[in-house]
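Proteins get letters first, then strands, A, B, ... in listed order; numbering begins at 1 in each.
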Amino acid sequence: MNYDHKSIEKKWQEKEHFKTEDDYSKPKFYCLDMFPYPSGVGLHVGHPRGYIASDILSRYKRMRGFNVLHPMGWDAFGLPAENYAIKTGIHPKITTADNVAKFKAQLEKIGLSYDWSREINTTDPNYYKWTQWIFLKMFEHGLAYESVLPINWCPSCKTGLANEEVVSGNCERCGTAVTKKDVRQWVLKITKYADRLLEDLEELDWPEKIKEMQRNWIGKSHGADVLFKLNNGKEVKVFTTRPDTLFGATFLILSPEHSLVSGVLDDLTNKQDVVSYLEETKNKSDIERMEEKTGVPLSGLFAINPVNGKQIPVWIANYVLSSYGYGAIMSVPAHDQRDYEFATKYNLDIIEVVSGGELPYTSEGELINSGSFNGMKSSEAKDKIIQEFDVISESINYKLRDWVFSRQRYWGEPIPLIHCEKCGIITEENLPLELPEVEKYEPTGTGESPLASIEDWVNIKCPKCGGSAKRETNTMPQWAGSCWYYLRFIDPDNDNALVDSEKEKYFQPVDLYIGGAEHAVLHLLYARFWHKFLYDIGVVSTKEPFLKLKNQGTILAYDGQKMSKSKGNTVSPDDMIEKYGADSLRVYEMFLAPFEDAVSWSDNGLVGARRFLEKVWNINLIETNVEDKLLHQTIKKVTEDIEGFKFNTAISSMMILINEWTKTGTTRENFNLFLKLLYPFAPHISRELIEGDDISWPQFSESLIEEDTVTLAIQVNGKFRDSVLLTKGLSQEEVEGIALEREKVKKWISGDIKKVIFVQDKLINILI
RNA sequence: GCCCGGGUGGUGGAAUGGUAUACACGAAGGACUUAAAAUCCUUUGCCUUUAUCGGCUUGUGGGUUCGAAUCCCACCCCGGGCACCA
């Protein structure tokens, strides 16, 4: 009989169903994929790499007796469906439903063992009811606030963006250069959780790279606040990580947006210069502003350096950020690269105060030109200087900014708040607050969402006082729904609570989370923040949502480029499954390279996986029962490799076994054991060939694996010259005797033996 | 510029101090076939050689060690992240 993958895969996909029971007697294993945005173009072969790995783990854990929760859903709010609606007039709801159906069909063909009864969709009102509920809880706890500070604005998407969505000055979605704009925004106080988000990283089994990216993003810096008095009686506060360099602070710089600037303009002798400089910087995008360091003095104004009483000039400059620290810095050109550039350009004083190397010297060292602190090491001087002066105090700063949470777009969760002239802001108690139908999806670009034009939805009576009130018309960002979806899979149909607490206690946390590394400081940081809030209000019982994280490597196109529809270099899994079968695709994707490495796709390799499965299909079954050492070594290897995420070597060890059996044949009993090893990787063919219903994970026999002979290497002067098969456990003298009798060895021995290195059962090295 | 990965045959890769190149792809030769595909067998790091023997080889140069792809130092190259965060 031929190996007909089509009928076998169809048969087992119809027959095998996976349903997670709330059976608390078993140990649980929560194995989660990052759920996809169901785009119109469907999956390419890169997407399933992570899904196949999580499926292998899920099936493996089930075989070992775990109650496995392995669900899938759709992160379906977002811009592509909305932009498509703007172009075609087709409601995002309709496109989303089509795309979900398409994605689901593709996933099912791969044979992934999801519990589809728990499927969720972030755009379903029964789901986003709870997204809105969490937002309201945050609002009630003072973690959501309105702000009109200038924020990142994408002129193409016509919406505000969070810091995390700005990649090298460009919009994360469309690549357009981001500008600043004053827009009324809802902002979430993620900075309140900065320390916990930082500290709790320690206990997570995540790739070090991702943890490091989060640490850098949070960007905690220890240093000092310093208060500088000005000659006009006012004060300027700055933050520095190097209070030991204070004697070298030769000028003060304010950011162009600093609140002090507008108040001092009339006292300056160069008012016109300053006004035109401010005008100039205001009109530049962030990227333009970063091109070159420029500045202008505030002539007539000076500050007093508190450590030595010296008068120093005050400037404004484009490289001082308004959004970090206090939007003002003390400039120490001798010990800071940027200040050095600036001082050189504008001829400002440079005073070396830390000795150690050529200027600008940015490392620590021994203090000079620093009065009574001369001779101290930087680390000591930092503390001493902070203690000595009243106007200097210890301080900590973070790079992390609060999360700009509202979007001026249509296809997102409505923010369930009401603005009443009399009562202020009140919460919508009647959740879900459903997204209304609109006639036009276009963003207005004025800072108002398309929802603002639906008068009868916007204008309502205040539920408190009955007076006239307006609904909030901003929507939530793409990331909102994915901040907590892993909790809903535990209890997807609960109408009374986000998740039942007994179920939550059993299934949380996620034991294994698999997805791309591109979410390092977006989804993964946001979800941790929400989870910690839910922990604080008693909804969840764990401090962290995702215990172990693995990132799959990107699968690149033939040309080494990223696969994308616009480049026309994508490969669809559907074609591969049609031609070679889902099992071949699964085996190939796992065999291709280590799971976390990026790799280029090539169809050629797929035939290797297919040939392997053909060999499995055609194994000759024989009666003679011999103890099969290689089989048991393979069981051990595959077990260890699955646990260690080394799928490529697991498969290669199975190939070695099958190559051997192709020559020798094997017994039904041994073949059955092998098929169970293969089952997580290639479930359809394995189920077809396994005899009986038992698919528990095979155990290897430790005593069978033990080899009683060993191949020992013989070296002369460190060079390999011969190898010999010996019984295990021979002594150095015995081995030496045997080695010296070998022809290949004798040839190299001339003169006295100086020394012999002997490694038990491995190697002998004779030095002459 | 700074912070993380990584560099092994024609290709994807294996080996984390002890026989480098497992496994797979590709290629070459052979069997079967009218022919092709599929399948099976053989060969396949490089140099020298008819073949053996031998020598060389894990980005480059040095070091530690009886012994280094693996550890240390310097440099070169590739990928990813951050990017005026004071």
Using ring pair (Phe, Tyr, Trp, His ring centres under 6.0 Å), reason through A/F342 and A/Y319 one step at a time and then give a plain yes or no. CA-CA 9 Å; A/F342 193 76; A/Y319 75 95; 5.3 Å; yes
Starting at atom CD of A/Q633, determine the distance to atom C1' of B/rA22, rounded to an integer number of angstrom. 14 Å
Residue A/K284 excluded, over 12 heavy atoms near NZ under 6.0 Å: yes
Using a 3.5 Å limit for the pairing distances, which stems of at least 3 consecutive Watson-Crick or G-U wobble pairs does RNA chain B take part in? B:1-7 with B:76-82, B:10-12 with B:23-25, B:26-31 with B:39-44, B:45-47 with B:54-56, B:59-63 with B:71-75
Rounding to an integer number of angstrom, what distance separates B/rU19 and B/rA83 when you compare their P atoms? 46 Å
Interatomic distance, A/N620 atom CG to A/T666 atom OG1 [nearest 0.5 angstrom]: 10.0 Å
Residues two or more places apart in sequence or in another chain: which of them pass side-chain contact (heavy atoms from CB on, under 4.5 Å) with A/M563? A/H44, A/V45, A/I555, A/A557, A/N569, A/T570, A/V571, A/W601
Do any N or O atoms of the protein come closer than 3.5 Å to N or O atoms of nucleotides 66-68 of chain B, and which pairs are they?
residue, atom, partner, partner atom, Å
B/rC66, O2, A/N765, ND2, 2.5

Taking atom types as modelled and ignoring hydrogens, do the side chains of A/Q214 and A/W206 form a donor-acceptor contact shorter than 3.5 angstrom? no
Pairwise C1' distance for B/rA68 and B/rC78, with rounding to whole Å: 24 Å
If I pick the C1' atom on B/rA14 and the same atom on B/rG62, what distance separates them, to the nearest angstrom? 28 Å
A/V759 side chain, from C-beta outward: closest of B/rA24, B/rG18, B/rA20: B/rG18
Return the set of residues passing side chain to side chain donor-acceptor pair (under 3.5 Å) with A/T649 (not counting sequence neighbours), or none when no residue passes. A/D641
Counting just side-chain N and O atoms, does A/R721 come under 4.0 Å of either OP1 or OP2 of B/rU19? no
Using the purine O4'-C1'-N9-C4 or pyrimidine O4'-C1'-N1-C2 torsion, is B/rG55 syn (within 90° of 0) or anti? anti
Whole Å only: how far is the NZ atom of A/K220 from the P atom of B/rA86? 14 Å
Between A/M330 and A/A713, just flag the one whose closest nucleotide in RNA chain B comes earlier from the 5' side. A/A713
Whole-Å distance separating the CZ atom of A/F612 from the P atom of B/rA22: 18 Å
Count the heavy atoms belonging to other residues, nucleotides or ligands that lie under 6.0 Å from NZ of A/K282, then report whether that count exceeds 12. no
Closest heavy-atom pair and its distance - A/W403, A/A162: CD1-CB, 3.6 Å
Quick one: list whatever passes side-chain contact (heavy atoms from CB on, under 4.5 Å) with A/T662, sequence neighbours left out. A/K615, A/I619, A/I658
Partners passing side-chain contact (heavy atoms from CB on, under 4.5 Å) against A/L740 (at least two apart in sequence or in another chain): A/E736, A/I749, A/I753, A/I766
Quick check on B/rA24: is either OP1 or OP2 less than 4.0 Å from any side-chain nitrogen or oxygen of A/N659? yes
Under 4.0 Å, heavy atoms only, any strand: does A/R611 hit a base, just the sugar-phosphate, or nothing? sugar-phosphate
Hits for side chain to side chain donor-acceptor pair (under 3.5 Å) against A/Y398, two or more places apart or cross-chain, chain-then-number order -> A/D195
B/rG9 to B/rG26 separation - C1' atoms, rounded to the nearest Å: 12 Å
Going by the side chain to side chain contact (heavy atoms under 4.5 Å, CB included) test, name the single residue among A/V238, A/V320, A/V261 that passes it with A/L254. A/V261
Return the value, rounded to whole Å, for the distance between atom NZ of A/K293 and atom P of B/rA86. 14 Å
Counting side-chain heavy atoms from C-beta on, which of B/rC23, B/rA86, B/rA83 comes nearest to A/I656? B/rC23
Please report the distance, rounded to the nearest Å, between CH2 in A/W661 and P in B/rC23. 17 Å
Polar contact flag, side-chain donor to acceptor under 3.5 angstrom, A/E734-A/S731: yes
Without decimals, in angstroms, what is the distance between A/I396 CD1 and B/rA86 P? 13 Å
Rounding to an integer number of Å, can you tell me how far A/E614 CD sits from B/rA37 P? 17 Å
Spacing between A/F720 atom CZ and B/rG54 atom P, to the nearest angstrom: 11 Å
Taking 4.0 Å as the cut-off, does a side-chain nitrogen or oxygen of A/S221 come that near to OP1 or OP2 on B/rA86? yes
C1' spacing across the pair B/rU43 / B/rU33, given as an integer number of angstrom: 23 Å
Within the 3.5 Å criterion, strictly below it, is a donor on A/W479 or A/E164 matched to an acceptor on the partner's side chain? no
B/rU65 versus B/rG18 - spacing of their C1' atoms, nearest Å: 12 Å
Please give the distance between the C1' atoms of B/rA22 and B/rU16 as a whole number of Å. 16 Å
Under 3.5 Å, is there a donor-acceptor pair between the A/N618 and A/Y3 side chains? no
Say you pick atom P in B/rA15 and the same atom in B/rC3; how far apart are they, in whole Å? 29 Å
Measure from the ring center of A/F645 to the ring center of A/F647 and say whether it is less than 6.0 Å. yes
When you get a sec, tell me which of B/rG26, B/rC84, B/rU19 is the closest nucleotide to the side chain of A/S723? B/rU19
Sugar-phosphate or base contact per nucleotide [nucleotides 3-16 of chain B; S, B, -; heavy atom under 4.0 Å]: -S-------BSS--
Please work out if A/K399 contacts a base, only the sugar-phosphate, or nothing of the nucleic acid, heavy-atom cut-off 4.0 Å. base
Can you list the residues that meet the side-chain contact (heavy atoms from CB on, under 4.5 Å) rule with A/E208, with sequence neighbours excluded? A/K211, A/E212, A/R215
Assert: residue with more 5' nearest nucleotide on RNA chain B, out of A/V320 and A/V521, is A/V521
Between the protein and nucleotides 43-49 of chain B, which nitrogen or oxygen pairs come in under 3.5 angstrom?
none

Contacts of type side chain to side chain donor-acceptor pair (under 3.5 Å), residue A/K6, not counting sequence neighbours: A/E578
Could you write out each protein N or O paired with an N or O of nucleotides 70-77 of chain B at a distance under 3.5 Å?
none

What is the nucleic acid contact for A/M213, judged by heavy atoms within less than 4.0 Å: base, sugar-phosphate only, or nothing? sugar-phosphate
Could you tell me whether A/R173 and A/E165 make a salt bridge, using a distance below 4.0 angstrom between a side-chain N and a carboxylate O? no
